[in-house]
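Here's the structure, in structure tokens; my notes come after.
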Amino acid sequence: MRRTSPSDQRLRVMPWWLVLVGLLLAILLGWWVLHWLLGEADRAAAQDTRATLRIDAIRTGLTVVAGTGGGLALLLAARRQWIGERAQQHQETIAARDQAHRDRVQAHAEQVAEAGQRHQDRQAEAAAHDAAERRLTELYTRAVELLGNDNAAVRLGGLHALERLGQDNPAQRTTIVAVLCAYLRMPPADDARETEVRRTAQRVLTRHLRADDDAFWPDMRLDLTGARLDAFDATGCTLHDADLTGATCTGTTRLHGARLSGRLALGATFDALVLNEVTGDAEILLDGAVITGRLHVDRADLDGRLSCRRATIGETSWRGATLRRSVTFDHTRFTGSASFQEAAFAGRLSMEHTTFGGSAEFRHTRFADLALFRWAEFAADAWFADARFTGDASFGRARFHGPVTFEGATLTHRPLFDQARATTSATHTWPAGTTATRLDATWLLLTDP
């Protein structure tokens, strides 16, 4: 409930009856004083004294009446002063109330004007956004239409139009990369001009994946599953979640010096694959990959897990590579020479059921954790000279068809050769404590004490 302030109350004026009552009281007081004093004067014994006292009594009574009248005059003056002050206060209150009302009206008008301006600004922004979106949609649609044209030259124009659109509009880059990847996943026409278009699409992708370039598009994911790539070159690129599962990669696929993160699925068919000096913490999956030519991973420095199960690899070199997490080559077949010279396996290494069709070179290789070569098949030389085994190692039931040497190897724990076999036609150098007995004319049987 709203309370009424003193300034909101009705202005009151002193009533006249209060003045009349005061005048009557003054007369009564004067009469009473005069009557009392005359009575006192009549008690005087002497006639002259009594007369004098009566005159004094009358004078005193008149003085009282006059004094009372003066008091009434002061009361009237006070009444006028009080009325004036109340009138001034009332005027000030009304003026303040009027000013407050005018201020509220002005503030409301300003708020209405500001709200109207904001509404107009929002409408203008919405109109501009809609116009920009329509323009982007039109450009994107036109570029995609060009990419689907039967003429190779027109398709090239569509690729460059998409690239310009992505460069100018970062929000569209993910969609544009998806379109380019989808184009590369489509079956190619048997046409030399189409080959050039696809190579251009590859270059458009990789051109924007180099972090040291002003045209870098960060956090792009490549879905190239089942794609056909020709001499795909991602040298120096930053790859995050790239999937080439089932892709066919002709020529040499290069990721030299690439920075890898997320998940890199390379279960594809390659003529040759170069991963020299790659770095990063990506999980690299080469499961089921077929590399008919060479696989080079020299001087790579990888913090993520590497899996290469059931792959077929030609010649391979991992010279000076540093692999900090677990590495698996189970059931993998190396058809050519495999060199891991000076590589460092900081995590667990598993090469169970692995087949080495050529020489297997582990010179100066460091094994910091468990190294498993059980059931491995070495068709030619197996070199572990000057290797360093810090963790346990097992060659149980492995088969060595060529010479084996552990000369100069450092072994913290004696490796296990339980039921492994080695050819009798070559000279071998085994770790101390390994027993090799002739099983037949072809094989030596290795046993542990």
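Because only heavy atoms are used, hydrogens play no part in the values below, and waters and symmetry mates are left out as well, while side chains stay in. Computed from a predicted structure; not experimentally measured.
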Give, for atom [atom1] of [X] and atom [atom2] of [Y], the distance between the pair rounded to the nearest 0.5 Å.
X: H296; Y: D298; atom1: NE2; atom2: CG; result: 6.0 Å
X: F378; Y: H401; atom1: CZ; atom2: NE2; result: 10.5 Å
X: R122; Y: E125; atom1: CZ; atom2: CD; result: 9.0 Å

State plainly whether the residues [X] and [Y] are in salt-bridge range, i.e. N to O under 4.0 Å.
X: D303; Y: R324; result: yes
X: R333; Y: E377; result: no
X: E315; Y: R294; result: no
X: R193; Y: D191; result: yes
X: R198; Y: E194; result: yes
X: E342; Y: R366; result: no

Establish, yes or no, whether a centroid distance under 6.0 Å links the rings of [X] and [Y].
X: H364; Y: W383; result: no
X: F373; Y: F362; result: yes
X: F395; Y: F406; result: yes
X: F400; Y: W443; result: no

Go through it in stages, so that I can follow the logic: the residues are T200 and R203, the test is side-chain hydrogen bond (donor to acceptor under 3.5 Å, both in side chains), and I'd like the CA-CA distance, side-chain angles, deciding distance and then a yes or no.
CA-CA 5 Å; T200 301; R203 288 193 292 269; 3.2 Å; yes

How far apart are the C-alpha atoms of R142 and E138, what are their side-chain angles, what is the distance that settles it, and do they pass the salt bridge (charged side-chain N to carboxylate O under 4.0 Å, His left out) test?
CA-CA 6 Å; R142 178 57 179 163; E138 292 172 357; over 6 Å; no

Search all heavy atoms of R374 against all heavy atoms of S394 and return the closest pair with its distance.
CG-OG, 3.2 Å

Please report the shortest heavy-atom distance between A379 and G357, naming the atom on each side.
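Heavy atoms only, the tightest pair is CB-O, 3.6 Å.
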
Could you walk me through whether R319 and S317 pass the side-chain hydrogen bond (donor to acceptor under 3.5 Å, both in side chains) check?
CA-CA 6 Å; R319 185 184 183 94; S317 173; over 6 Å; no

Testing L209, L180, T206, L184 one by one against L222 for a side chain to side chain contact (heavy atoms under 4.5 Å, CB included), which residue passes?
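The residue from L209, L180, T206, L184 that satisfies side chain to side chain contact (heavy atoms under 4.5 Å, CB included) with L222 turns out to be L209.
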
Pairs of donor and acceptor atoms involving the side chains of residues 385-393, under 3.5 Å and at least two apart or interchain, shall be tabulated with distances.
none

Does anything in residues 216-234 pair up under side-chain hydrogen bond (donor to acceptor under 3.5 Å, both in side chains), and if so which pairs, sequence neighbours excluded?
Q167-W217, R199-D230, H208-W217, R221-H240, R221-D241, D223-T225, D230-T250, D233-T235

In this structure, are over 12 heavy atoms from other groups packed under 6.0 Å from [X] atom [atom1]?
X: R310; atom1: CZ; answer: no
X: H108; atom1: NE2; answer: no
X: Q419; atom1: CD; answer: yes

Would you check if [X] and [Y] make a side-chain contact, meaning some heavy-atom pair closer than 4.5 Å?
X: P415; Y: H413; result: no
X: R207; Y: V204; result: yes
X: L439; Y: L444; result: no

Specify whether W318 and F340 have parallel, tilted or perpendicular ring planes, treating 30° as the upper limit for parallel and 60° as the lower limit for perpendicular.
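Parallel.
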
Over 60° means perpendicular and under 30° means parallel, so tell me whether W375 and H353 are parallel, tilted or perpendicular.
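The rings of W375 and H353 lie parallel, inter-plane angle below 30°.
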
Ignoring hydrogens and angles, state whether a donor on the side chain of D287 or S307 is under 3.5 Å from an acceptor on the partner side chain.
yes

Going by salt bridge (Lys or Arg N to Asp or Glu O under 4.0 Å), name the pairs with one or both residues in residues 437-449, residues two or more places apart or in two chains.
R414-D448

Step-by-step side-chain hydrogen bond (donor to acceptor under 3.5 Å, both in side chains) determination, E110 to Q106:
CA-CA 6 Å; E110 292 176 355; Q106 179 65 25; 3.2 Å; yes

